[in-house]
2 protein chains.
Amino acid sequence: MRVRAPRSDAYHQLREAIVSGQFHPNERLVEAAVAQRMGVGRTAVRAALVRLDQEGLVTLEPNRGARVRHISDREALEIEEVRGALEGLLARRAAERATADDLQELRQVISEMRERVERGDALGYSELNARFHQLIWTAADHPTAARIAGDLKSQAIRFQYQTALRPGRAQRSLHEHEAIFNALKTHDPDGAEAAMRDHLAEVIDTLRWAIDGLRRGERWLPG
Amino acid sequence: MRVRAPRSDAYHQLREAIVSGQFHPNERLVEAAVAQRMGVGRTAVRAALVRLDQEGLVTLEPNRGARVRHISDREALEIEEVRGALEGLLARRAAERATADDLQELRQVISEMRERVERGDALGYSELNARFHQLIWTAADHPTAARIAGDLKSQAIRFQYQTALRPGRAQRSLHEHEAIFNALKTHDPDGAEAAMRDHLAEVIDTLRWAIDGLRRGERWLPG
DNA sequence: GATGGCTGGATTGTCGACATTATTGACGAT
DNA sequence: ATCGTCAATAATGTCGACAATCCAGCCATC
């Protein structure tokens, strides 16, 4: 088995840079500049841009180059809706086929989440949140749904803080996750899907609120 | 407004060729050959292949070139499951916001479908089926979900005959579509989603059956 | 006969050069 | 001042050539 080149390849490097926010939305990505910055040829950058365009992280206009894709508020909500539908499916499947090991790991994550909430560590909670969902994807064993859900998550990443850091959100989120876990534990597909959909519906509501708030000029971020 | 170049571009041409079955699954796509066939340069073909790879119609292995992606039976089922989830969402939204015009068009399609079923025109029915779903996407006004559902449909196209031409399938399919339409007509989101999910679940069952049948050597296609 | 390395042909990957296309800013006419 | 024209510049799009890689068939060896 061959170990893949760590991350010298342009696609992963550029993808990481975009997802981690090193480029602003709508920022232009000039091929030559990007190529130099990552120490690869322009050819590789071009290929990466095409992929990222198809993936929705970049927009590519003929003869006008590439920009980091700007996700509108409306689109962010759409993305979360689709994620809700997909994660519902994944939760259902996970409830059907989760192994004892899967459940054990999930239990652990839940308990760590509880801890983080108690000490008010919203960022740590957010990481565990991601981990929780990923464990479900693994248990569900449904590559098609998982791949699409992953792509969507990357696109919406810019909005995650607007929900995660909302005061009081973590507590409710924890309850929702516990409900999901309980359904998985008892291998209850309908329950798991319903709990997951409830959860994502809450996220969407929170996001909608946050967006409306921002639009009205409200400021709630620390600092 | 600018009219886009009809289809001289490699991506659309190649995509069309693959979706319409001019290349077999697993067939190798040699860049030079494809380029010549479509009268474009190798560069354009390369770009097209990268896009199609990301889109799931082609697999691209480093240094080993491109092949038409072979969708396994298992994956076809997965794709239909995801489509079910997405189309459920779309149906829900369509029920919420379908205009009188949308409903009028849908009514028309349904009545043509009825006609086709009566005269046993399975292929004509299949076309109307596609049209029906597309009208729902339009009414739902949800670009994100519609785009993804469209991509999935392209991937699974090879399997559509295995359900559509199954004897007796058309009648039941018609009933299911009528149920969906009734829910849309009364602006009943829950009902529309449920009806759509039932419909896709039936499709999946049929597909599962067809696959098992083929595996046992059964032949049911005309000719 | 099976195994393992070698070689030639075919194919993909990359680079640099150049053509094509947008964009910017200056300049002059109205 | 405003608009349109036009040249200068910067970036993208395309091509051909070459390097790197893979693969099939051949041959020597056991």
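Per chain, numbering begins at 1; letters A, B, ... match sequence-line order.
In this structure, A:R67 atom CZ and D:dT12 atom P are separated by 11 Å, rounded to whole Å. Distance, B:R64 CZ to C:dT12 P: 12 Å, rounded to whole Å. One interatomic measurement links the two molecules: CG of B:D9 to P of D:dG13, which rounds to 12 Å at whole-angstrom precision. At whole-Å resolution of the value, CD in B:E31 and P in D:dC15 are 14 Å apart. Distance A:N63 CG to C:dA22 C1': 7 Å, rounded to the nearest Å. D:dA10 atom C1' lies 8 Å from atom CZ of A:R28, rounded to whole Å.
Applying the side chain to side chain donor-acceptor pair (under 3.5 Å) rule to A:D73 yields the partners A:R215; only residues at least two apart in sequence or on another chain are considered. Listed by chain and residue number, B:R69 satisfy the side chain to side chain donor-acceptor pair (under 3.5 Å) test with B:E75 (two or more places apart in sequence, or in another chain). A search for side chain to side chain donor-acceptor pair (under 3.5 Å) contacts involving B:S154 returns B:R15, not counting sequence neighbours.
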Contacts under 3.5 angstrom, residues 35-49 of chain B side chains, donor-acceptor by atom type, not counting sequence neighbours:
from	atom 1	to	atom 2	distance (Å)
B:R42	NH1	B:E31	OE1	2.7
B:R46	NH1	B:E31	OE1	3.3
B:R46	NH1	B:E31	OE2	2.6

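Contacts with DNA chain C (heavy atom under 4.0 Å) in residues 42-60 of chain A: A:R42, A:T43, listed by number.
Under the 4.0 Å criterion applied to side-chain N and carboxylate O atoms, B:E80 and B:R83 are assigned as salt-bridge partners.
Counting only residues at least two apart or on different chains, the ring pair (Phe, Tyr, Trp, His ring centres under 6.0 Å) pairs with a member in residues 125-153 of chain A are A:F132-A:H177, A:H133-A:H177, A:H133-A:H199.
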